[in-house]
Asks: 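Here it is: the structure, laid out below.
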Amino acid sequence: MERMVQEREAGATVRSEPILSVRNVHKTYNLGRVKVPVLHGVDLDVAQGEWVTILGASGSGKSTLLHLIGGLDRPDKHTNEPASMRFCNRELTRESKRSLDRYRADDVGFVFQFYHLLPELSVLENVTVGGMIKHGRLGYRTRCKEIVDRASGLLDRFGLSHRLRHRPAELSGGERQRVAIARALINEPNLLLADEPTGNLDLRTGESILDAIIEHRRDAGLTLVMVTHDERIAAKSDRVIQLVDGRVEEA
Ligand SMILES: Nc1ncnc2c1ncn2[C@@H]1O[C@H](COP(=O)(O)OP(=O)(O)OP(=O)(O)O)[C@@H](O)[C@H]1O
Ligand SMILES: [Mg+2]
């Protein structure tokens, strides 16, 4: 039986087994002949239900690492020791593109650093579109009411029930960020990857967004990996790591 290692004050439970285990991850971007080395052997374990914060200087590779964990990109292959990224009992580095697409749709919620909302869709549609990606057009049609209800519920919880029909361009930065978080949560992911979810926001808006994430984490027992520059936010998390010279250091 799994051994509980820590009862969170917030109520979420951290268990000892890693839900995510990253080993020897390297990443170099190739821009024509120019190579941009970013990650040089990242090792990281994240336990089920844990909240890990990633700190690091601008350009240190925080977003790059989050994109790799979220299956949006792949680690380098040609290194002496092959990379490993285990999620539950799956080895993500060996999975096909199709299977990584499923992993993203079923298991991961991603809050992008710059929101990435679809400008032509309404707030509500920006959130329900996640359900469409997960279930396909046909599956979505049969579950439409359930998904729309869930999306409306999340948006209501994030204080946006009066903005359902608005387009992203008509929203403030904090409102857009809350839509992005609702979209990340629509499929009830096991793992939420949040890239500076409170960046560029004033203190109060940032705190209310963080509270919304913490509240959801407590209710859903979700595992959270968050990038932030804000050390006060980092102090609230279970563990803080730092990216330095392309590697992880425990802070
Ligand atoms: N698609 C890309 N092509 C080429 N280089 C890239 C690409 N994405 C990121 N880089 C480079 O990789 C390095 C790390 O970028 P990354 O976005 O991961 O940093 P970061 O730690 O998230 O920074 P910030 O705190 O500013 O968001 C940077 O030097 C950046 O220029
Ligand atoms: Mg970044």
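Just the heavy atoms: all of them, side chains too, but no hydrogens, waters or symmetry mates, feed the values below. Just follow the structure's listing: the first ligand is 1, and inside any ligand the first atom is 1.
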Asks: Please could you name the atoms of ligand 1 that A57 approaches to less than 4.0 Å, counting only its heavy atoms?
Replies: 21 (O)
Asks: Examine S63 and say whether one of its N/O/S atoms is closer to the Mg ion (ligand 2) than 2.8 Å.
Replies: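 Given the 2.8 Å cut-off, S63 counts as a ligand of the Mg ion (ligand 2).
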Asks: Can you find a protein heavy atom closer to atom 14 (C) of ligand 1 than 4.0 Å?
Replies: yes
Asks: So, do H116 and F110 have ring centers that fall under 6.0 Å from each other?
Replies: no
Asks: If only side-chain N and O atoms count, and only distance matters, is there a donor-acceptor pair under 3.5 Å linking S63 with Q113?
Replies: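 The criterion, which ignores hydrogens and geometry beyond distance, is satisfied for S63 and Q113.
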Asks: Under 4.0 Å from ligand 1, counting heavy atoms only, is it the side chain of L31, its backbone, both or neither?
Replies: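 The answer is the side chain.
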Asks: Working to the nearest 0.5 Å, report the span between CG of L124 and CD1 of I147.
Replies: 11.0 Å
Asks: Do any of the N, O or S atoms of S58 sit under 2.8 Å from the Mg ion (ligand 2)?
Replies: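 Under 2.8 Å: S58 has no N, O or S contact with the Mg ion (ligand 2).
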Asks: Under 3.5 Å, is there a donor on one side chain and an acceptor on the other for S208 and D211?
Replies: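 Not at all, the side chains of S208 and D211 share no donor-acceptor pair under 3.5 Å.
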Asks: Which of the numbered atoms in ligand 1 are under 4.0 angstrom from any heavy atom belonging to V38?
Replies: 12 (O), 13 (C), 14 (C)
Asks: Which residue and atom name correspond to the protein heavy atom nearest atom 9 (C) of ligand 1, and how close is it?
Replies: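 Minimum-distance protein heavy atom for atom 9 (C) of ligand 1 reads Y29 CE1, 3.4 Å.
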Asks: Just which atoms of ligand 1 are under 4.0 Å from any heavy atom in Q113?
Replies: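 With Q113 as reference, the close atoms of ligand 1 come out as 27 (O).
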Asks: For atom 25 (O) of ligand 1, what's the nearest protein heavy atom and its distance?
Replies: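 Going atom by atom, the protein heavy atom closest to atom 25 (O) of ligand 1 ends up being K62 NZ, 2.7 Å.
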Asks: To the nearest 0.1 Å, how far is atom 31 (O) of ligand 1 from its closest protein heavy atom, and which atom is that?
Replies: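 That would be V36 CG1, 5.0 Å.
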Asks: Any heavy atom of H67 sitting closer than 4.0 Å to ligand 1?
Replies: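 In this structure, H67 fails to qualify as a contact of ligand 1 - no heavy atom is under 4.0 Å.
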Asks: Where is the tightest heavy-atom contact between D238 and G49, given as atom of each residue plus distance?
Replies: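 Closest approach of D238 to G49: OD2-O, 4.2 Å.
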Asks: Within the 4.0 Å heavy-atom shell around E196, which atoms of ligand 1 are there?
Replies: 25 (O), 27 (O)
Asks: Which protein non-hydrogen atom lies closest to atom 16 (P) of ligand 1, naming both residue and atom, and how far is it?
Replies: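 Of every protein heavy atom, T64 OG1, 3.7 Å lies nearest to atom 16 (P) of ligand 1.
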Asks: Check whether any side-chain heavy atom of R157 sits under 4.5 Å from a side-chain heavy atom of E215, and report yes or no.
Replies: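 They are in contact (side-chain heavy atoms under 4.5 Å apart), so the answer is yes.
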Asks: Side chains of N187 and K134: do they bring a donor and an acceptor to under 3.5 Å?
Replies: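 There is no such pair (donor and acceptor under 3.5 Å, judged by atom type) between the side chains of N187 and K134.
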Asks: Got L55 and L243 here, is their nearest side-chain heavy-atom distance under 4.5 Å?
Replies: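 The answer is no, as the side chains (C-beta and beyond) never meet within the 4.5 Å cut-off.
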Asks: Side-chain contact test, heavy atoms from C-beta onward, threshold under 4.5 Å: evaluate it for Q48 versus E17 and give yes or no.
Replies: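 SC-SC contact between Q48 and E17 ruled out.
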Asks: To the nearest 0.1 Å, how far is atom 17 (O) of ligand 1 from its closest protein heavy atom, and which atom is that?
Replies: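 Ranking protein heavy atoms by distance from atom 17 (O) of ligand 1, first comes S63 CB, 3.7 Å.
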Asks: Could you go through the side-chain hydrogen bond (donor to acceptor under 3.5 Å, both in side chains) check for S152 and D149 one step at a time?
Replies: CA-CA 5 Å; S152 314; D149 285 352; 5.2 Å; no
Asks: With heavy atoms of H229 as the reference, note each atom of ligand 1 found under 4.0 Å away.
Replies: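 Close to H229: 25 (O).
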Asks: For atom 28 (C) of ligand 1, state which one of S58, G59, P37 supplies the nearest heavy atom.
Replies: G59
